[in-house]
Amino acid sequence: MRNQNSCISIQHVFKQFGKHEVLKDINLEIEEGEIFGLLGPSGAGKSTLIKELAGLDVPTSGENYIFGERMPTLKLMERIGYMAQADALYEELSANENLQFFASLYGLKGKKKKERINEVMQLVDLSDHLNKPVSNYSGGMKRRLSLAIALLHEPEMLILDEPTVGIDPVLRKSIWDAFYDLNRKGTTIIVTTHVMDEAEKCDRLGLMRDGELIAVGTAEALRNETNSDTIEQAFLVYGGATS
Amino acid sequence: MRVIALTKRILQQLIRDKRTLGLLIFAPILVLTMLHLVFNGDDYVPKVGLVEIPEAIVDQIDTTDAEVTIYTNENDAQQAVHSEEIDGYILLDDATTSAVFLEGSDPSVNSATLRWIQSAFSSLQQGESAAQFEIDYLYGSSDMGPFDYFGPVLLGFFVFFFVFIIAGVSFIRERTTGTLERLLSTPLRKWEIVTGYVLGFGIFTIIQSTIIAWYAIYVLNMMMVGAFIYVLLITLSLALTALTLGILISSFANNELQMIQFIPIVVIPQIFFSGLFNLETISDWLSWVGPFTPLYYAADALRDVMVRGHGFGEIFVNLIILFGFSLLFMLLNGLALRKYRKI
């Protein structure tokens, strides 16, 4: 039943918080090496879905498979890099201390640890600010440092919850350049967003609304199928069709 | 190794946060110093009036421990009591009967006044024939002040109070800033998080309780007959329960203010059962709570060591119970973390 190439397989996933149904029968295959975007308004269930993929939550019913194994396991989590909506940094500490700490949690040591820290800081263009306390960082710098931490252990898969929210266009472009860079090296990237123009940057898209996955496909295919000029219009058509 | 990384990070954070560091060490020192000055201040000197007492008798009275004023009629004395110039007066009708009149609003002043009157006049009436008692003490001595008795309890209480707050608040911060979620997205196990926290704060607590205990005993001269190492052992195991309880309680609070709201529920009632008040006089339908509070055991053990000079044999049961509390809270913490990650 599972696709050979897919590294994520979501099968009949439901999630309920009390009486509130947050995810309704989600089925999705994500292939290795693609940039997959989950698009939808806030409250659509995007964060809940990717939290399950990151191993932080479990579905009420249904299964999530990553690399052919059922989530969640600690072993799989070692192969995933996760960045939440919050920056999740220790502000009292310097960037270097934050990186050192999380690198140790992934079991990096000595020379290798130092190398990785320099590499990821270069990738997010923060090398000059390595020893600054995080409390002196700007919002955009914190976002990039948070991304750098998620990249430390060279994950095969990156799961990013709204990575560019509240970031100016120039910085957003540089973050996306970093994503493309990683993607070229073979990293599968799953990213949520509610910014429609960002959706165009993904290989494939999943549109979510009210806990349902209403459409999946490339941006072009979604536009063509609905005869729309923009993803936003396509979203409206799919959304209107289901309600 | 992950535990060590977590321990190191907690210590780094504490060292950066100078204010919290100061609060944890200097606040208990400040409060203990103030209590020392309050409890071990000078004895109250009663202001007593003597009414219509023959001068021959007045000469014989030892007036060193009281401010004595002589009145020629009772009305003047009564006036003085009303205007709070004196705390009370004694009236000798004839050689045998006497009457004492007190202002009476403050029980401690009443008893000080009465005590002086009793000692002044008993020596007068019985002269040299008064029996001389020699008093021996099993523990303590005649110069043991209230601070010496309360001290061990307060020492334990302040260590408990501040560690509870800081541990709880720092865990809440971990949750609200999202770093807990990030920790849980790594292969870090839940017991490793709890252990890392216990070790990080544990190391700091050793330093903190050493400084506070040293200050109370050697600077404030709190009564101390036992061995210092046992005092450290007890405060450390108490701090451990405070730490694990603080983290546990923090999972029921959504922000720092809600953590503070747990103080009157979780921390303050423990004082009542710690021996600061006589346990035997506490109403029966409340006194059963005592054995469920960690401070009850810590205060008992501290008093055993500091006042009674007991050794390890007498305190180890208390220590085991305290470690039992910590272990229980740690297990519950592991369960509470399931809310954030199922495995």
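Quick note on labels: first sequence line is chain A, next is B, and so on, each numbered from 1.
Residue Ser94(A) touches chain B through its backbone alone, counting heavy-atom pairs closer than 4.5 Å. For Glu192(B), no part sits under 4.5 Å from any heavy atom of chain A, backbone or side chain. When heavy atoms are compared at a cutoff of 4.5 Å, Arg16(B) approaches chain A solely by way of its side chain, counted from C-beta outward. For Ala150(A), the parts sitting under 4.5 Å from any heavy atom of chain B are the backbone and the side chain alike. There is no contact between Asn98(A) and chain B, counting heavy-atom distances below 4.5 Å. Residue contact with chain B, scored on non-hydrogen atoms closer than 4.5 Å, is absent for Lys75(A). Residue contact with chain A, scored on non-hydrogen atoms closer than 4.5 Å, involves the backbone and the side chain of Leu6(B) alike.
Heavy-atom neighbours of Tyr180(A) OH from other residues, nucleotides or ligands within 6.0 Å: above the threshold of 12. Applying the 6.0 Å contact sphere to CZ of Phe17(A) captures more than 12 heavy atoms from other residues, nucleotides or ligands. With a 6.0 Å radius and a threshold of 12 heavy atoms from other residues, nucleotides or ligands, Lys201(A) has its NZ atom above the threshold. Ile229(B) CD1: 12 or fewer foreign heavy atoms inside a 6.0 Å radius. Lys51(A) NZ: 12 or fewer foreign heavy atoms inside a 6.0 Å radius.
Side-chain atoms of Glu181(B) and Tyr82(A) include a donor-acceptor pair closer than 3.5 Å.
The side-chain heavy atoms of Leu105(A) and Arg9(B), taken from C-beta on, include no pair separated by under 4.5 Å. Here the side chains of Arg173(B) and Glu91(A) are not in contact, with every heavy-atom distance at 4.5 Å or above. Side-chain contact between Phe101(A) and Leu183(B): present, with at least one pair of heavy atoms (C-beta onward) separated by less than 4.5 Å.
Between Ser104(A) and Ala5(B), the shortest heavy-atom contact is CB-CB, 3.5 Å. Across every non-hydrogen atom of Tyr106(A) and Ser185(B), the tightest pair is OH-O, 3.7 Å.
Distance CG/Leu93(A) to CD/Gln13(B): 5.0 Å, rounded to 0.5 Å. Here the OG1-CG distance, from Thr186(B) to Leu152(A), works out to 11.5 Å after rounding to the nearest 0.5 Å. With rounding to the nearest 0.5 angstrom, the CG atom of Leu188(B) is 11.0 Å from the CD atom of Glu78(A). Taken from CG in Asp87(A) to OG1 in Thr179(B), the straight-line distance is 11.0 Å, to the nearest 0.5 Å.
Ion pairing between a basic and an acidic side chain is recognised when a charged N comes within 4.0 Å of a carboxylate O; Glu97(A) and Lys8(B) show no such pairing.
Most heavy-atom pairs under 4.5 Å with chain B: of the set Pro133(A), Ala103(A), Ser146(A), this distinction falls to Ser146(A). Note: Ile149(A) leads Asp57(A), Leu76(A), Ile149(A), Ile159(A) in heavy-atom pairs under 4.5 Å with chain B. Comparing Arg2(B), Arg189(B), Met1(B) by heavy-atom pairs within less than 4.5 Å of chain A, the highest count is held by Arg2(B).
The side-chain tip of Arg182(B) points at the ring of Phe102(A) from less than 6.0 angstrom away and within 45° of straight on.
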